[in-house]
2 protein chains.
Amino acid sequence: MRTIPKAVANRLSLYRRLLERLHADGVRTISSRAISDSLGLKDAQVRRDLAHFGSFGQPGLGYRVAELLGKVRTILGTDRTWPVALVGYGNLGRALVAYAKVPGRSFRIAAVFDADPAKVGRQAGGLVVRDASELVRQVRRQKIPLAILAVPAEVAPKVAWRLARAGVRGILNFAPARLDVPKRVFVSDIDFTASMEQLSFHLRRRRA
Amino acid sequence: MRTIPKAVANRLSLYRRLLERLHADGVRTISSRAISDSLGLKDAQVRRDLAHFGSFGQPGLGYRVAELLGKVRTILGTDRTWPVALVGYGNLGRALVAYAKVPGRSFRIAAVFDADPAKVGRQAGGLVVRDASELVRQVRRQKIPLAILAVPAEVAPKVAWRLARAGVRGILNFAPARLDVPKRVFVSDIDFTASMEQLSFHLRRRRA
DNA sequence: AATTGTGAATCTCTTCACAGCA
DNA sequence: TGCTGTGAAGAGATTCACAATT
């Protein structure tokens, strides 16, 4: 019950989303079977996952939605709003700024950086795009704990190191590059090309 | 050697990228140890992965880069360019169109759709944004096998079904929703919120 | 001397199946 | 009766360690 396995951690967001919706709809309790049907899992897996953070289920009845949601939010850290530094204000950066502005997110863009002088000084969702050279100073000053890396692959490792030096504890990396940072910094990768290649891989597979 | 395990499939893109770079740099052979160091894996894992698609290694020497790259490309399907339908032309859609235009990609945007009348008719990287009502007809006519879903979560499942009906075999889904499509359609999810939540989850974890 | 390919061991995750509780 | 929590079995992935090969 102490350590949450990686596979479970990766499913926490799915549980959170479903529970948020149920809660908003006024549903009070739900069974592992109903959860598993909604998420495309097995009921036993849901029960084992949820057992990792306490005994919430009531035999014969199910799980209490409000209580479970509270627990999941606390574990995921979505019970508060985290400041995030966005590095790279290209097309993707702009999409992310727009996305983050939606109310109710558990993070907010607290600073935006870019190396391109043509972009520095522009408005970005209520913030001014700062020059990349100010990154370490600003991230430190604002004590920003998380960063989104939306820069070209060639410079990503270098920028990641600077973020680590500035004290961030987690990086969401969109660049197709390995970030070899100190292990106190957690890296989550979103690799668009790799995801597309999974599609073409399966296209080939099925044909055979 | 016949069936490639899921875990291996997910690493194929990493191998491909590394091999592309080595090949471009004129490197002729490479050992499993050098590969594993570059990618942050174990050497034994690299050997086992590569053994899934034949015996390419030369004991005492390593793997021949050109030959291995050719094999990985064939398996991943990046030895050709796949037409892709983009559904949803918001901020993310625009970022994807820009991204796909870079030469050398193994896919190209072949059609763009949106339900918003204000967006229909606009130019999108050399294409005209079409009304979502034309989706099935156009995807069928052009025999487009893959789609990128960049629409709001509420409509994602419905659009996914239409794509399936139109005959696509793979969907890259950016919407935070489960797509319950026929199993002939492979779905790859990119869940930005879930990835961000992994960061805050680990932030909490480390503190304890 | 360097390096592969793989049996065996190990670790991790999933699923079954059922005792026990409401 | 309906449902949880979990021991035990099963499935899958990783790592070790070494005989075989160039």
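So that the names make sense, note that chain A is the first sequence line, chain B the second, and so on, each numbered from 1. Computed over heavy atoms, backbone and side chain alike; hydrogens, waters and symmetry mates excluded.
- In this structure, the side chains of A:Phe186 and A:Ile171 stay at 4.5 Å or more apart for every pair of heavy atoms.
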Side-chain donor-acceptor contacts of residues 21-28 of chain A below 3.5 Å, not counting sequence neighbours, with atom names and distances?
none

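- Applying the side chain to side chain donor-acceptor pair (under 3.5 Å) definition to pairs two or more places apart or across chains, those involving residues 95-105 of chain B are A:Thr193-B:Tyr99, B:Tyr99-B:Arg105.
- The closest donor-acceptor contact from the side chain of B:Arg204 to the backbone of A:Thr74 lies under 3.5 Å.
- Although no hydrogens or angles enter the test, the distance criterion places a donor-acceptor pair under 3.5 Å between the side chain of B:Asp114 and the main chain of B:Tyr89.
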Item to complete: Please test A:Glu197 against B:Leu12 for side-chain contact (heavy atoms from CB on, under 4.5 Å), starting from the C-alpha separation and ending with a verdict.
Response: CA-CA 9 Å; A:Glu197 287 175 0; B:Leu12 283 176; over 6 Å; no
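- Taking CG from B:Leu149 and CG from B:Asn173, the interatomic distance works out to 5.0 Å, rounded to the nearest 0.5 Å.
- With values rounded to the nearest 0.5 angstrom, B:Leu76 atom CG is found 12.0 Å from A:Leu203 atom CG.
- The distance from atom CG of B:Asp49 to atom P of C:dT4 is 13 Å, rounded to the nearest whole Å.
- You'll find the side chain of A:Ser36 stays beyond 4.5 Å of the side chain of A:Gln45, heavy atoms only.
- With sequence neighbours left out, the side-chain contact (heavy atoms from CB on, under 4.5 Å) criterion links B:Leu172 to A:Phe192, A:Ser195, A:Met196, A:Leu199, B:Ile148, B:Phe174, B:Ser188, B:Ile190.
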What protein N or O atoms touch nucleotides 19-22 of chain C N or O atoms at under 3.5 angstrom, if any, and at what distances?
{"residue": "C:dA22", "atom": "O4'", "partner": "A:Pro59", "partner atom": "O", "Å": "3.2"}

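- Note on residues 139-154 of chain B: pairs passing side chain to side chain donor-acceptor pair (under 3.5 Å), not counting sequence neighbours, are B:Gln138-B:Gln142.
- The separation between B:Leu50 atom CG and C:dG5 atom P is 8 Å, rounded to whole Å.
- In this structure A:Ala98 satisfies the side-chain contact (heavy atoms from CB on, under 4.5 Å) test together with B:Asn91, sequence neighbours excluded.
- Taking the ring axis of A:Trp161 as reference, the NZ or CZ atom of A:Arg165 does not stay both within 45° of it and closer than 6.0 Å to the ring centre.
- The span of DNA chain D lying next to chain B, judged by atoms under 4.0 Å from heavy atoms, is bounded 5' to 3' by D:dA13 to D:dT22.
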Pull out every protein N or O sitting under 3.5 Å from an N or O of nucleotides 6-8 of chain C, one pair per line with the distance.
{"residue": "C:dG7", "atom": "N7", "partner": "B:Arg48", "partner atom": "NH2", "Å": "3.2"}
{"residue": "C:dG7", "atom": "O6", "partner": "B:Arg48", "partner atom": "NH2", "Å": "2.6"}
{"residue": "C:dA8", "atom": "N6", "partner": "B:Arg48", "partner atom": "NH2", "Å": "3.1"}

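- What separates CG of A:Asp43 from P of C:dT14 is a distance of 14 Å, to the nearest Å.
- Evaluation of the salt bridge (Lys or Arg N to Asp or Glu O under 4.0 Å) test over residues 45-70 of chain B, restricted to residues two or more places apart or in two chains, returns B:Arg11-B:Asp49, B:Asp43-B:Arg47, B:Arg64-B:Glu67.
- Of the residues near DNA chain C, B:Gly62 and A:Leu41, the one whose nearest nucleotide (by heavy atom distance) lies more toward the 5' end is B:Gly62.
- Scanning residues 16-37 of chain A for heavy-atom distances under 4.0 Å to DNA chain D yields A:Ser31, A:Ser32.
- Summarising the geometry, the separation between CD on B:Gln45 and P on C:dT10 is reported as 19 Å, rounded to the nearest angstrom.
- None of A:Leu19, A:Leu68, A:Thr29 except one satisfies the side-chain contact (heavy atoms from CB on, under 4.5 Å) rule with A:Tyr63; the exception is A:Leu68.
- For the helix from C:dA1-D:dT22 to C:dA22-D:dT1, the terminal axes (five pairs an end, C1' atoms, rotation from four pairs onto the next four) enclose an angle of 10°, given to 10 degrees.
- Residue pairs meeting the salt bridge (Lys or Arg N to Asp or Glu O under 4.0 Å) criterion with at least one member in residues 170-181 of chain B, sequence neighbours excluded, are B:Arg178-B:Asp180.
- As a whole-Å value, the separation of A:Ile4 CD1 from C:dC13 C1' is 15 Å.
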